[in-house]
Amino acid sequence: MLRSNLTRTILSLAVVAVVVAALFVVQHRSGGSSITEARLERSLPTTFSHLYLQQADLLGRTGLTMKSLDARADCDKGGPTVANSGPGADWICLMTWNDPDVPLPDGSGKFELNVHSNDCYTAGGPSKLVGLVTIVDRRGREVPNPVFEFDGCFDPNGDDTPTGVTIVPPPVTAPTSADAR
Amino acid sequence: MTTQSTPTHADAAPVVGHITAGRPGVLGVFAWEVTKLAARARARWTLLVCLAAPVVLVVVLKGQQRPPKDSLFGRYIHESGWALPLLILGFAAQWVLPLLTALVAGDIFANEDQHGTWKTVLTRSASRAQLFWAKTLTAMAFALVVLVVLAASTMLSSVLIVGHQELVGLSGQLVPSATAARLVLASWATAAPPLLAFTALAILLSVRSRSPAVGIAAPVVIGMVMQLVGSLGGIEALRPLLLTTPFEAWHGLLVEHRFYGPLVSGAITSAVWCIVALTLAFTSLHRRDITEG
């Protein structure tokens with residue numbers, strides 16, 4: 001019994017040591033997250049475009065394609081002081097796309113993302129541009145709006161080179177604290 | 001034909017002689033363990049629940065006015081019958097699958113302690129190693145049967161109750177029904193490696209604690225702690241080491257350009273956990289002084 005207790009103690013100590021060591025390694029490794037700005041900027045426009053086309057289909061609109069939409073995103077996490085990597089509900093992506101019938105008055109649309117540590121995210125679109133939670137389809141039925149809120153996942157080992165997309169945010173939404181510097 | 005069958009018979013002869021000499025072999029002990037398990041009410045009830053619970057769950061979810069949008073595919077449960085099995089898979093991986101396998105794996109060694117039957121089973125002239133592997137095989141086989149029954153019941157009831165419409169994937173792309181069927185099946189299959197690793201963990205805890213309660217509850221608790229650790233930001237480098245991460249590797253199958261990296265690393269993680277847990281369990285059982293009781 002004593003022997004069994006001893007081995008158990010040693011075993012649990014070893015486990016704790018391994019965990020602490022691992023935590024230590026992680027703390028001293030910079031940017032270890034698979035969630036990055038570049039991966040989100042590649043994933044979000046694709047997911048959005050697919051769903052936007054489904055919305056167009058529901059509304060009975062034609063003539064839009066993935067290529068003609070040409071959606072692009074510029075993502076940022078938690079403002080200028082926070083590094084743009086890692087999970088969190090504070091990711092903001094500004095997105096542009098070409099729909100002749102829906103112009104973007106601000107030049108872009110603001111999407112709020114909750115990015116989870118498992119490389120999946122939930123994105124909410126601006127209802128002024130993408131519509132409300134439900135839409136009325138071409139047959140007059142009330143159906144869920146595919147782009148109001150949607151999920152997506154990306155490859156944690158996918159292309160991580162910067163996309164080079166820069167979208168200037170509309171001046172009206174600039175908060176007063178931005179001038180605090 | 002007759003010339004071929006004679007040497008086969010001759011080859012088999014030593015094995016037969018082996019058995020009559022009193023050594024049943026791992027497969028012989030395995031057959032016994034399966035018989036013992038099949039006679040247990042708990043095993044039967046578990047399989048029955050795996051068969052019936054998904055049907056109830058699908059009916060209840062279908063009746064929901066507001067779909068459970070917090071989980072992946074939750075928002076599409078009314079649109080496609082292929083979304084439900086994926087929602088349920090994501091939910092099952094959180095604690096249901098570890099619990100289902102631990103119900104047998106966490107008990108299969110410890111119940112010999114509980115009933116004080118170690119000496120009895122060892123006098124069946126099966127060696128400790130044979131008993132260990134037979135019990136391990138039984139627990140692993142049960143885990144796989146549970147997974148198959150649960151997956152089949154979930155998929156069938158979803159398709160019959162909701163339908164087999166096309167599915168919106170994790171890149172927003174539309175997946176045709178036939179492809180979705182294959183992907184859902186494959187997704188459920190990817191739960192097998194971590195499930196077997198949880199089985200090995202339950203076996204280790206069962207052997208070491210000698211208590212069925214610990215053997216069944218501890219793997220579930222460990223799974224939930226891993227789930228929590230895996231969801232935290234800042235320590236994501238630990239994620240590949242956790243046994244709950246491989247349960248999410250199927251996400252890569254549902255995007256437009258499929259990726260398999262997490263599946264590969266998940267299989268490696270599961271194998272390492274499995275080997276370490278079984279090695280520790282085996283040495284622990286091997287060194288034990290059973291005459292002491």
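In what follows, chains are A, B, ... by sequence order, proteins preceding strands, each numbered from 1.
Only the side chain of Val133(A) has a heavy atom closer than 4.5 Å to any heavy atom of chain B. For Thr122(A), the part lying under 4.5 angstrom from a heavy atom of chain B is the side chain only. Heavy atoms closer than 4.5 Å to chain A are found in both the backbone and the side chain of Gln173(B). Heavy-atom distances place both the backbone and the side chain of Glu149(A) under 4.5 Å from chain B. Contact of Val229(B) with chain A is not made at all, since no heavy-atom distance falls under 4.5 Å. Phe48(A) does not touch chain B: none of its heavy atoms, backbone or side chain, sits under 4.5 Å away. Heavy atoms of Leu232(B) lying under 4.5 Å from chain A belong exclusively to its backbone.
With a 4.5 Å cut-off on side-chain heavy atoms, Asp155(A) and Val255(B) do not count as touching. Looking at heavy atoms from C-beta onward, Asp119(A) lies out of side-chain contact with His251(B) at the 4.5 angstrom threshold. Two residues are said to be in side-chain contact when any heavy atoms from C-beta on lie closer than 4.5 Å; Cys153(A) and Leu72(B) meet this criterion. Side-chain contact between Ser34(A) and Arg239(B): absent, with no pair of heavy atoms (C-beta onward) separated by less than 4.5 Å.
A side-chain donor-acceptor contact under 3.5 Å links Ser117(A) to the backbone of Gly230(B).
Few gaps surround CD on Gln94(B); more than 12 heavy atoms of other groups in view lie less than 6.0 Å from it. More than 12 non-hydrogen atoms from other residues, nucleotides or ligands lie less than 6.0 angstrom from NE2 of His78(B).
The nearest pair of heavy atoms linking Phe259(B) to Phe154(A) is CZ-O, 3.4 Å.
One finds the CD atom of Glu166(B) at 8.0 Å from the CD atom of Gln54(A) (value rounded to the nearest 0.5 Å).
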